[in-house]
Amino acid sequence: MSETPANTLQYRFDGPEDAPVLILGPSLGTTWHMWDRQVPELMKQWRVFRFDLPGHGGAPAHPAGSVTDLTARLLATLDALGVHRFGYAGCALSGAVGAELALRHPARLASLALIAASPRFGTADEFRQRGVIVRTNGLDPIARTSPERWFTGGFAAAQPAITEWAVQMVRTTDPGCYIASCEALAAFDVRAELSRIGVPTLVLVGSDDQVTGPAEARTLVAGIPDARLAVVPGASHLVPVEQPAAVTDLLVRHFSTAWQPAFESTTGQMAIPAAPVKPVLAAPTPVAPVAEIAPAAMQPEPAGRPDRYETGLKVRREVLGDAHVDRALASADAFSGDFQEFITRYAWGEIWDRPGLDRRARSCVTLTALVAGGHLDELAFHTRAALRNGLTPLEIKEVLLQAAVYCGVPAANSAFKVAQQVIREETTPQE
């Protein structure tokens with residue numbers, strides 16, 4: 001914990017003192033406790049540094065009215081502690097700080113994760129209007145509606161204690177600092193600068209995030225060279241809180257394998273990094289499936305033509321789920337076994353594993369083709385696959401509406417009935 005001058009931030013450390021530093025930044029209205037479920041695993045490899053935004057979590061109420069100001073305060077805090085190079089994961093407003101670090105201070109940054117982030121957060125009018133609401137009515141109206149913005153309905157209903165914790169976090173925030181943070185988001189816009197971000201970047205988003213959702217994440221990935229996308233199904237804006245195991249797994253994988261070495265100014269060379277520590281994860285808890293981090297660039301094939309069956313089986317299981325694939329393989333006999341091997345090797349090992357389209361795009365193409373062909377049985381399990389690959393129900397609806405124009409209304413009518421049933425089954429919380 002820290003004493004906090006006006007030009008620095010309230011912080012805490014967890015983990016071994018000699019480990020590389022990994023910073024976790026909170027979103028507007030939250031505290032460093034939003035990362036509590038990630039810290040035990042992350043601190044096995046990193047010295048985890050968490051901070052509170054001004055006026056949040058009991059931090060002194062010194063408002064910061066711009067992302068540049070917040071970034072400067074973070075760097076001043078780190079400078080005072082002797083921390084010169086670090087990995088950084090920031091959620092929402094702290095994601096904006098991460099982009100600012102990558103653009104203005106790239107030498108300080110070894111690796112970056114942008115969570116529930118955007119190159120521009122809504123419109124300036126939206127955030128300034130929120131400031132008007134807080135000035136007029138205080139933070140209570142914002143606090144009461146926060147769970148609707150932060151969590152899926154099923155999670156909020158099933159986790160009343162966490163929902164109330166979220167409400168109280170906002171209520172205890174200093175109103176002036178909250179308004180200043182809204183002003184910071186209103187002025188933030190790095191859309192034209194994304195191509196200058198050169199640090200290894202993971203963009204992570206909840207599939208049901210209605211604040212900064214998959215569309216904003218795709219904008220970041222499209223603009224940042226070699227950025228990778230991970231969509232976590234069954235999560236909204238505060239994805240580290242709603243799906244902690246999934247987010248932890250993705251962060252460990254990213255920061256273990258994408259840690260850019262420091263530039264040695266005296267020799268003009270890059271320091272040769274030690275081999276990354278292979279994470280050893282506990283057995284996963286039952287959470288919604290996690291989208292694989294999608295490769296952003298074409299990867300060269302090794303010499304020769306490798307057998308694609310094992311790759312295809314892996315991809316097929318990741319997209320369709322183990323239960324579906326196990327049923328298909330178990331039902332294969334001498335007559336159909338060759339066909340199962342064929343589609344595993346070529347459909348899943350060759351086509352679905354190509355880097356030219358991510359899995360979301362391939363799901364859109366597949367759903368449309370199945371509607372056109374009237375293949376309703378396969379449409380059902382590929383609707384489940386689309387949800388698994390990160391498409392939201394609203395996006396699936398748009399695919400089917402598009403298909404209605406080009407494939408015919410009767411075909412789309414049947415498809416809507418199938419997809420509606422699947423979506424209802426997959427998104428209804430279990431009693």
K.L.:
Would T344 and R316 count as having a side-chain donor-acceptor pair, cut-off 3.5 Å?
P.N.:
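Yes, because at least one side-chain N or O of T344 sits under 3.5 Å from a partner of the opposite role on R316.
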
K.L.:
Measuring only between side-chain heavy atoms, which start at C-beta, is L101 closer than 4.5 Å to L74?
P.N.:
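Contact flag for L101/L74 side chains = yes.
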
K.L.:
Looking at the rings of Y11 and F49, which for Trp means the six-membered one, are their centres under 6.0 Å apart?
P.N.:
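Y11 vs F49: aromatic centres under 6.0 Å.
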
K.L.:
Closer than 4.0 angstrom, basic N to acidic O: yes or no for E310 and K314?
P.N.:
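The answer is no: the pair does not qualify as a salt bridge.
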
K.L.:
Is it the case that the side chains of E425 and Q421 hold a donor-acceptor pair, with the cut-off being a distance below 3.5 Å and no angle test?
P.N.:
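Their side chains do contain a donor-acceptor pair, which is all the 3.5 Å distance test asks for.
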
K.L.:
Any carboxylate oxygen within less than 4.0 angstrom of a Lys/Arg side-chain nitrogen, looking at E395 and R360?
P.N.:
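Salt bridge between E395 and R360, a charged N being under 4.0 Å from a carboxylate O: yes.
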
K.L.:
Hey, what do you get for CG (L229) to CZ (R359), rounding to the nearest 0.5 Å?
P.N.:
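Going from the CG atom of L229 to the CZ atom of R359 covers 12.0 Å.
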
K.L.:
Do the rings of F255 and W46 sit parallel, tilted or perpendicular, given the 30° and 60° boundaries?
P.N.:
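Perpendicular, since the angle between the ring planes exceeds 60°.
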
K.L.:
Would one find more than 12 heavy atoms of other residues, nucleotides or ligands at under 6.0 Å from atom CZ of R37?
P.N.:
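Not buried by this count: 12 neighbours or fewer within 6.0 Å.
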
K.L.:
Between S146 and R149, do the side chains contain an N or O donor and an N or O acceptor separated by less than 3.5 Å?
P.N.:
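The criterion, which ignores hydrogens and geometry beyond distance, is satisfied for R149 and S146.
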
K.L.:
Between T68 and E100, does the side-chain hydrogen bond (donor to acceptor under 3.5 Å, both in side chains) criterion hold? Intermediate values first, please.
P.N.:
CA-CA 7 Å; T68 299; E100 183 79 3; 3.1 Å; yes

K.L.:
Please report the C-alpha distance between R104 and E193 in whole Å, then the side-chain angles of each, then the deciding distance to 0.1 Å, and finally whether the salt bridge (charged side-chain N to carboxylate O under 4.0 Å, His left out) criterion is met.
P.N.:
CA-CA 11 Å; R104 323 293 174 214; E193 301 179 83; 2.6 Å; yes

K.L.:
Distance check, rounded to the nearest 0.5 Å: T383 atom OG1 versus L379 atom CG?
P.N.:
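Reported to 0.5 Å precision, the distance equals 4.0 Å.
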
K.L.:
When rounded to the nearest 0.5 angstrom, what distance separates CD in E126 from SG in C182?
P.N.:
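One gets 11.0 Å once the value is rounded to the nearest 0.5 Å.
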
K.L.:
Pick from V205, D209, V247, L250: which one makes a side-chain contact (heavy atoms from CB on, under 4.5 Å) with V239?
P.N.:
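Output: one option passes, namely V247.
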
K.L.:
Distance only, no hydrogens: is a donor on one side chain within 3.5 Å (strictly under) of an acceptor on the other, for S66 and E183?
P.N.:
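Absent: no donor and acceptor within the cut-off.
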
K.L.:
If we count only N and O atoms by modelled type, under 3.5 Å, do the side chains of H254 and S111 hold a donor and an acceptor together?
P.N.:
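Checked: H254/S111 side chains pair up, N/O donor to acceptor below 3.5 Å.
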
K.L.:
Is R362 salt-bridged to D358, going by a charged N under 4.0 Å from an acidic O?
P.N.:
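Answer for the salt bridge query: no.
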
K.L.:
Establish, for the pair R108 and F86, whether the NZ or CZ atom is under 6.0 angstrom from the six-membered ring centre and no further than 45 degrees off its axis.
P.N.:
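Ring-cation test returns no.
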
K.L.:
Could you tell me if the side chain of F188 sits less than 4.5 Å from the side chain of P119, heavy atoms only?
P.N.:
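In short, these two side chains do not touch, never coming nearer than 4.5 Å.
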
